[in-house]
Amino acid sequence: MKVDGRPTRSIALGSDGWSVDIIDQTKLPHAFRILQLTSLDDAVRAIRDMLVRGAPLIGATAAYGIALAMRADPSDAHLRLAYDSLLASRPTAINLRWALDDIVTVVRRETPARRAAAAYARAAEICDEDVAINDAIGEHGVGLFAAIGARKSGTVNVLTHCNAGWLATVDWGTALAPIYKAHDRGIPVHVWVDETRPRNQGASLTTWELQQHGVPFTLIVDNAGGHLMQKGQVDLCIVGTDRTTADGDVCNKIGTYLKALAAHDNKVPFYVAVPSPSIDWTIRDGATIPIEERQAKEVTEISGRGADGRIVPVAIAPDGSPVANFGFDVTPARLVTGLITERGIAPASAAGLATLFPERRGA
Ligand code: MRU
């Protein structure tokens with residue numbers, strides 16, 4: 001996608017041919033900063049501290065983390081250390097394990113002298129594959145907008161949660177890919193953007209992306225979606241996923257489940273954009289997915305740009321307030337209208353997924 005008119009990916013090989021450029025997403029929307037990752041530790045920190053975030057981008061960054069590790073020391077012991085430390089950096093998004101298993105299989109086949117080159121090559125392919133997958137999700141999802149646009153006159157109103165745009169992937173995004181394509185094809189689209197407490201990825205990232213691309217949007221507080229649905233102001237919801245089970249249960253940013261409940265109650269279609277690396281074929285029940293719990297400070301503080309232009313954190317709760325900060329929740333398959341994958345749209349069920357991914361049947 002474009003930043004100030006320039007085509008940009010969220011992660012790319014640096015101009016020196018070995019370091020890795022990322023966008024420091026903790027600085028958006030107030031500053032657009034490219035950061036250089038030069039070591040395994042840099043990659044682990046970038047994922048853990050959410051300089052990069054979003055399931056597909058976490059996977060891509062981990063792949064480059066293995067490449068950086070192999071450049072420094074291609075031994076078996078270092079490969080194991082790199083795998084373990086990257087895998088532990090965030091627990092919920094399955095793309096992390098998917099990318100690590102994939103690239104480590106490739107690297108292990110090589111002699112130590114060839115491991116770094118093999119890892120860089122596979123990391124680049126993983127990035128390109130992610131772009132192609134999201135492009136295809138966009139192509140399948142845009143049909144939903146065309147169908148609603150043909151049924152009603154005027155703008156198609158879509159609600160999304162968190163950030164499942166190009167910043168959460170290598171390019172295009174998952175949930176936002178159909179929205180970008182609908183907009184680019186002249187279908188009038190308007191996006192309701194959930195702010196997405198506690199880290200506000202909707203308010204800071206989704207708004208910024210949509211603004212850069214010229215897609216009309218309105219930022220809303222997390223609690224407003226149900227009201228809008230009751231008033232008939234939401235035609236469909238599309239969200240992303242950090243892990244979808246083989247039976248179609250969807251784990252995504254905390255608050256997704258409440259939107260799905262409200263959508264169900266108001267007969268608003270609720271779609272999930274699911275790239276296949278976000279499917280965990282090894283589990284069926286979403287209740288078994290590990291849910292990340294993050295620092296209390298994310299809940300007790302909020303930070304933003306002050307009147308003097310500086311970014312300042314402010315406390316919003318009494319000092320010492322006990323806090324629970326769950327990063328994700330699980331939306332049961334029965335509340336999901338369909339899964340938009342790179343191979344088409346399937347019902348959220350084992351049978352639905354098996355029609356699109358027959359090679360995974362019984363995996
Ligand atoms: O905690 P985050 O910002 O990594 O959470 C991101 C989300 O929940 C996204 O919806 C999900 O990763 C899908 S991204 C295409």
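Here, residue 1 is the first one in the sequence, and each next residue gets the next number. Just follow the structure's listing: the first ligand is 1, and inside any ligand the first atom is 1.
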Open item on the list: Would you call the rings of W166 and W208 parallel, tilted or perpendicular, taking 30° and 60° as the class edges?
Closed with: tilted

TODO: From the options D242, L176, V274, select the one whose nearest heavy atom is closest to atom 11 (C) of ligand 1.
DONE: D242

Open item on the list: If the cut-off is 4.0 Å to any non-hydrogen atom of Q201, which atoms of ligand 1 fall inside it?
Closed with: 1 (O), 2 (P), 3 (O)

TODO: Decide if atom OH of Y120 counts as having more than 12 heavy atoms of other residues, nucleotides or ligands within a radius under 6.0 Å.
DONE: yes

Open item on the list: Whether R115 and E110 form a salt bridge (side-chain N of Lys/Arg under 4.0 Å from carboxylate O of Asp/Glu) is what I want to check.
Closed with: no

TODO: Could you see which bit of P56 sits under 4.0 Å from ligand 1, with heavy atoms only: side chain, backbone, both or neither?
DONE: side chain

TODO: Might you work through the salt bridge (charged side-chain N to carboxylate O under 4.0 Å, His left out) test for R343 and E359, ending with a clear yes or no?
DONE: CA-CA 13 Å; R343 295 194 188 171; E359 74 278 17; 3.0 Å; yes

- [ ] Provide, to 0.1 Å, the distance between atom 15 (C) of ligand 1 and the closest protein heavy atom, together with that atom's residue and name.
- [x] T174 OG1, 3.0 Å

Task: Heavy-atom nearest neighbour in the protein, as seen from atom 5 (O) of ligand 1, with distance rounded to 0.1 Å - done: K253 CE, 3.3 Å

Open item on the list: Show the atoms of ligand 1 that are less than 4.0 angstrom away from any heavy atom in M50.
Closed with: 1 (O), 2 (P), 3 (O)

TODO: Please identify which atoms of ligand 1 are closer than 4.0 Å to at least one heavy atom of A55.
DONE: 12 (O), 14 (S)

Task: Side chains of T38 and D42, donor plus acceptor under 3.5 Å - done: yes

Task: Side chain proximity check, F357 to T341, heavy atoms < 4.5 angstrom - done: yes

- [ ] Would you mind listing which atoms of ligand 1 come within a distance below 4.0 Å of any non-hydrogen atom of F328?
- [x] 1 (O), 5 (O), 8 (O)

Open item on the list: Does the residue G327 have a heavy-atom contact with ligand 1, meaning some pair of atoms that are separated by less than 4.0 Å?
Closed with: no

- [ ] Could you pull out all residues at least two apart from D319 that satisfy salt bridge (Lys or Arg N to Asp or Glu O under 4.0 Å)?
- [x] none

Open item on the list: Please confirm whether R90 approaches ligand 1 to less than 4.0 Å, judged on its heavy atoms.
Closed with: yes

- [ ] State plainly whether the residues D184 and K181 are in salt-bridge range, i.e. N to O under 4.0 Å.
- [x] no

Task: Atoms of ligand 1, numbered as shown, that sit under 4.0 Å from any heavy atom of N163 - done: 9 (C)

Open item on the list: Are any of the N/O atoms on G54, whether in the backbone or the side chain, positioned under 3.5 angstrom from an N/O atom of ligand 1?
Closed with: yes

Open item on the list: Can you name the atoms of ligand 1, numbered from 1 with element, that are less than 4.0 Å from a heavy atom of T241?
Closed with: 11 (C), 13 (C)

- [ ] For C162, take its heavy atoms, then give the atoms of ligand 1 lying under 4.0 Å from any of them.
- [x] 5 (O), 6 (C), 7 (C), 8 (O)

Task: Shortest protein contact, atom 14 (S) of ligand 1 (heavy atom only) - done: A168 CB, 3.5 Å

Open item on the list: Taking CZ in R185 as the centre, count heavy atoms belonging to other residues, nucleotides or ligands within less than 6.0 Å. Is the count above 12?
Closed with: yes

Task: Pair R48 + D41: basic N to acidic O under 4.0 Å - done: no

- [ ] Around atom 10 (O) of ligand 1, find the nearest protein heavy atom and jot down its residue, atom name and distance.
- [x] N252 OD1, 2.7 Å

